[in-house]
Amino acid sequence: MNIMHPTLRRLDLNLLPVFDAIYRHRSVRQAAEELAMSTSALSHALSRLRVTLNDPLFYREGHFMCPSVYATQLAPAIASALAHLNHELTPQAEFNPTTTTDCLQVAITDFTAFGIFPALMAELQHTAPGLRFEFRYLPHRPALNELLAGEVDFALGFSAPQDIRHAELDEIGWFADEYVVISNQLRQQLTLEDYLAARHLVVTPWNEDKGVLDSELERLGYTRQVAIKTPSMLSAPFIIANSDLLMALPRSAAETLKQSAKITIFALPFAVPPFEVKIYSHKRSGKRGAAQWLQKMLKKLSHTQAQRNTSKACS
C-alpha cells in the first residue's frame, strides 16, 4: 500500500513551532513565552520531538540552547514551511470596495461591454474607484471553459436557446431588448420583402455561422443575403450609413448609435425572441471578495436597468 507522507504521519506537526521558537531564541523560557506555553510543557514537547526525530536537537551550553548539526540542517526548511503555511492559511481580509485595487478578468464582446460597462463604471467610480478590469475577447460563447478554469472572473454574453446552464455558474439577466433594423437615411420603409431583397451586415462576435435571426428566418423558410460578417460592431453603423446594407441589432444600441451615424431605425419585419444580455460568473471565484461584491452590485444595477427599460417602453 502506498502511504502518502509517511514521515508526517508519525510526527505531531504542533511540535514544529516549538522547534522553530527554540532555534530562534536559543532559550526554552523565551520560546515558551512566545508560544504561550509553560516551560515544563515546552520541555515535554521538545522531548517528544527528540524521540520522533531520533536526535538531541538542542543541548544546553550555559544559558543557551545550542542546536545540533541535524537541527541546524532542519531549521531553514522548517522556518520556511511554517512561514508559507501561516501566509496561505491566514483568513482573507473582508473585501473593502473603497480601498480595493483588485483586477477582474472579464470575457466580453464589444456590444456586451457597450451595454454594461458605461452604467457599471458610472457606479463604481463612487463605490469602488480602485477596482480594475481587463477585458478579454474569446472565440466562443459564453466563455464557459474559461470561467470553470478560473481564467476569467466574469463573462458577458447573449442568451440563446442552445445555452446550457452549469451548476457551478451564476447567471444575471442584465437586460432584454427588441431587435430593430438600421439602414441609411434614404430608405423610407422596410417590409419583409424589402428585408429579404436587401444585403446585410451581420456582427458575429464569436465567428458563428448562424445567428438568432438566421435561425428564425430559416424556420420561416427564408434566407438573407449577408454581404459582410464582422466580429466587431464599431465600424458597422458607419458602413450602414454609407451603403445600402441593413443591420439588425437591439433597439437600445441603435438609438445610441443614431447619435453618431446617419442612420434610420425600422422595426424588424418578422418576430424573433428578445435580445438578452447575461452576466456569468463562477460560484467559487478565486477573487472571492471582489467577485461576490461585484455580483451583488451587478444584480442591483440590473434591476435599475430593467426599470428604466420598462419606463421607456411605456412612454
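Computed from heavy atoms alone, side chains included, the values below leave out hydrogens, waters and symmetry copies.
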Practice task
State which residue, out of Leu294, Ile108, Asp102, Asp153, fulfils the side-chain contact (heavy atoms from CB on, under 4.5 Å) condition with Phe133.
Solution key: Leu294

Exercise for the section: Assess Arg60 against Phe64: is NZ or CZ under 6.0 Å from the centre of the six-membered ring, and within 45 degrees of the ring's axis? Expected result: no

Exercise for the section: Working to the nearest 0.5 Å, report the span between CG of Asp20 and CG of Leu74. Expected result: 11.5 Å

Handout entry: Same apolar cluster (I L V M F W Y, side chains within < 4.5 Å links), Tyr137/Leu104
Key = yes

Practice task
Search all heavy atoms of Ala253 against all heavy atoms of Phe111 and return the closest pair with its distance.
Solution key: CB-CE1, 3.2 Å

Practice task
Using modelled atom types only, decide if a donor and an acceptor are shared between the side chain of Gln188 and the backbone of Leu186 within a distance under 3.5 Å.
Solution key: yes

Problem - Within-4.5 Å side-chain heavy-atom neighbours: Ile182 and Ile265 - result: yes

Exercise for the section: Report the C-alpha separation of Phe114 and Met233 in whole Å, then their side-chain angles, then the decisive distance to 0.1 Å, and conclude whether the side-chain contact (heavy atoms from CB on, under 4.5 Å) test is met. Expected result: CA-CA 10 Å; Phe114 171 82; Met233 191 179 65; 4.2 Å; yes

Problem - Contact check, side chains of Val152 and Val106, non-hydrogen atoms, under 4.5 Å - result: no

Practice task
Could you tell me whether the side chain of Asn184 and the main chain of Ile240 form a donor-acceptor pair under 3.5 Å?
Solution key: no

Exercise for the section: Please check if the side chain of Ser80 supplies one atom and the backbone of Pro76 the other of a donor-acceptor pair under 3.5 Å. Expected result: no

Exercise for the section: Return yes if some donor-acceptor pair links the side-chain N/O of Glu178 with the main-chain N/O of Pro250 below 3.5 Å, else return no. Expected result: no

Problem - Presence of salt bridge, Glu146 and Arg136, under 4.0 angstrom - result: no

Handout entry: Under 3.5 Å donor-acceptor, Asp177 side chain and Arg251 backbone
Key = yes

Handout entry: Side chain to side chain, Tyr222 and Leu192, heavy atoms closer than 4.5 Å
Key = yes

Practice task
Using atom types as modelled and distance alone, determine if a side-chain donor or acceptor of Thr112 lies under 3.5 Å from a backbone N or O of Thr109.
Solution key: yes

Exercise for the section: Please report the shortest heavy-atom distance between Leu169 and His282, naming the atom on each side. Expected result: CD2-CA, 4.0 Å

Practice task
Would you check if the side chain of Ser243 reaches a backbone N or O of Ile239 as a donor-acceptor pair within less than 3.5 Å?
Solution key: yes

Problem - Spacing of CZ belonging to Arg24 relative to CZ belonging to Arg26, to within rounding of 0.5 Å - result: 10.5 Å

Practice task
Could you please spell out the steps behind the side-chain contact (heavy atoms from CB on, under 4.5 Å) verdict for Thr230 and Thr204?
Solution key: CA-CA 6 Å; Thr230 174; Thr204 54; over 6 Å; no

Problem - Non-hydrogen side-chain atoms of Met37 and Val18 separated by less than 4.5 Å - result: yes

Handout entry: Side-chain heavy atoms of Val212 within contact of Phe275, under 4.5 Å
Key = no

Handout entry: salt_bridge(Arg50, Asp55) N-O dist < 4.0 Å
Key = no

Completion exercise
Between the CG atom in Leu49 and the CG atom in Asn14, the distance rounded to the nearest 0.5 Å is 11.5 Å

Problem - Closest non-hydrogen atom pair, Gly173 against Ser302 - result: O-CB, 3.6 Å

Exercise for the section: Verify the cluster assignment for Leu257 and Leu234: are they in a single hydrophobic cluster under the rule of side-chain heavy atoms below 4.5 Å apart? Expected result: no

Problem - More than 12 heavy atoms from other groups under 6.0 Å of NE2 on His63 - result: no

Handout entry: Whether Phe95 and Trp293 hold their rings parallel, tilted or perpendicular, with breakpoints at 30° and 60°
Key = tilted

Handout entry: Separation of Ile263 CD1 from Asn242 CG (nearest 0.5 Å)
Key = 11.5 Å

Problem - Residue Leu220 excluded, over 12 heavy atoms near CG under 6.0 Å - result: yes

Practice task
Under the side-chain contact (heavy atoms from CB on, under 4.5 Å) rule, what do Glu123 and Gln125 come out as? Steps first, then yes or no, please.
Solution key: CA-CA 6 Å; Glu123 176 65 28; Gln125 66 183 339; over 6 Å; no

Exercise for the section: Give the minimum heavy-atom separation between Ala119 and Leu301, together with the two atoms involved. Expected result: O-CD1, 4.3 Å

Exercise for the section: Kindly say whether Thr256 contributes a backbone atom to a donor-acceptor pair with the side chain of Ser260 at under 3.5 angstrom? Expected result: no

Problem - Test item: side-chain donor near acceptor, Gln225 and His200, under 3.5 Å - result: no

Exercise for the section: Please step through side-chain contact (heavy atoms from CB on, under 4.5 Å) for the pair Glu171 and Ile279, ending with a clear verdict. Expected result: CA-CA 6 Å; Glu171 177 185 297; Ile279 303 167; over 6 Å; no

Exercise for the section: Quick one: pull up CD in Glu218 and CG in Leu213 and give me the separation to the nearest 0.5 Å. Expected result: 12.5 Å

Problem - same_hphob_cluster(Val28, Val51) at 4.5 Å side-chain heavy-atom cutoff - result: no

Practice task
Could you tell me whether Lys262 atom NZ has more than 12 heavy atoms of other residues or ligands within 6.0 Å of it?
Solution key: no

Problem - side chain to side chain donor-acceptor pair (under 3.5 Å) between Gln295 and Ser281, worked out - result: CA-CA 8 Å; Gln295 187 180 54; Ser281 60; 2.8 Å; yes

Exercise for the section: Check whether any side-chain heavy atom of Phe175 lies under 4.5 Å from a side-chain heavy atom of Ser252, and answer yes or no. Expected result: yes

Exercise for the section: Report yes or no: do Ile22 and Tyr59 belong to one cluster of Ile/Leu/Val/Met/Phe/Trp/Tyr joined by side chain heavy-atom distances under 4.5 Å? Expected result: no

Fill in the blank from the handout: Residue pairs passing the salt bridge (Lys or Arg N to Asp or Glu O under 4.0 Å) test with at least one member in residues 190-204, sequence neighbours excluded, are Arg199-Asp244

Completion exercise
Looking only at heavy atoms, the pair that brings Met247 and Leu249 closest together is O-CD2, 3.8 Å

Problem - Ser38 versus Ser40, side-chain donor and acceptor atoms under 3.5 Å - result: yes

Exercise for the section: For Gln73, enumerate each residue passing the side chain to side chain contact (heavy atoms under 4.5 Å, CB included) test, keeping only those at least two apart in sequence or located in another chain. Expected result: Val69, Tyr70

Handout entry: In one Ile/Leu/Val/Met/Phe/Trp/Tyr side-chain cluster, 4.5 Å: Val226, Leu245
Key = no

Handout entry: Side-chain heavy-atom pair Lys296, Lys300 within 4.5 angstrom cut-off
Key = no

Problem - Output field: ring centroids Phe19/Phe58 closer than 6.0 Å - result: yes

Practice task
Would you please indicate yes or no on a ring centroid separation below 6.0 angstrom for Phe154 and Phe135?
Solution key: no

Handout entry: Close side-chain approach of Leu246 and Leu201, heavy atoms under 4.5 Å
Key = no

Problem - Arg219/Glu216 ion pair, N-O < 4.0 Å - result: yes

Practice task
Measure the spacing between OH of Tyr195 and CG of Leu217 and express it to the nearest 0.5 Å.
Solution key: 6.0 Å

Problem - Arg132 versus Thr101, closest heavy-atom pair with distance - result: NH2-O, 2.9 Å

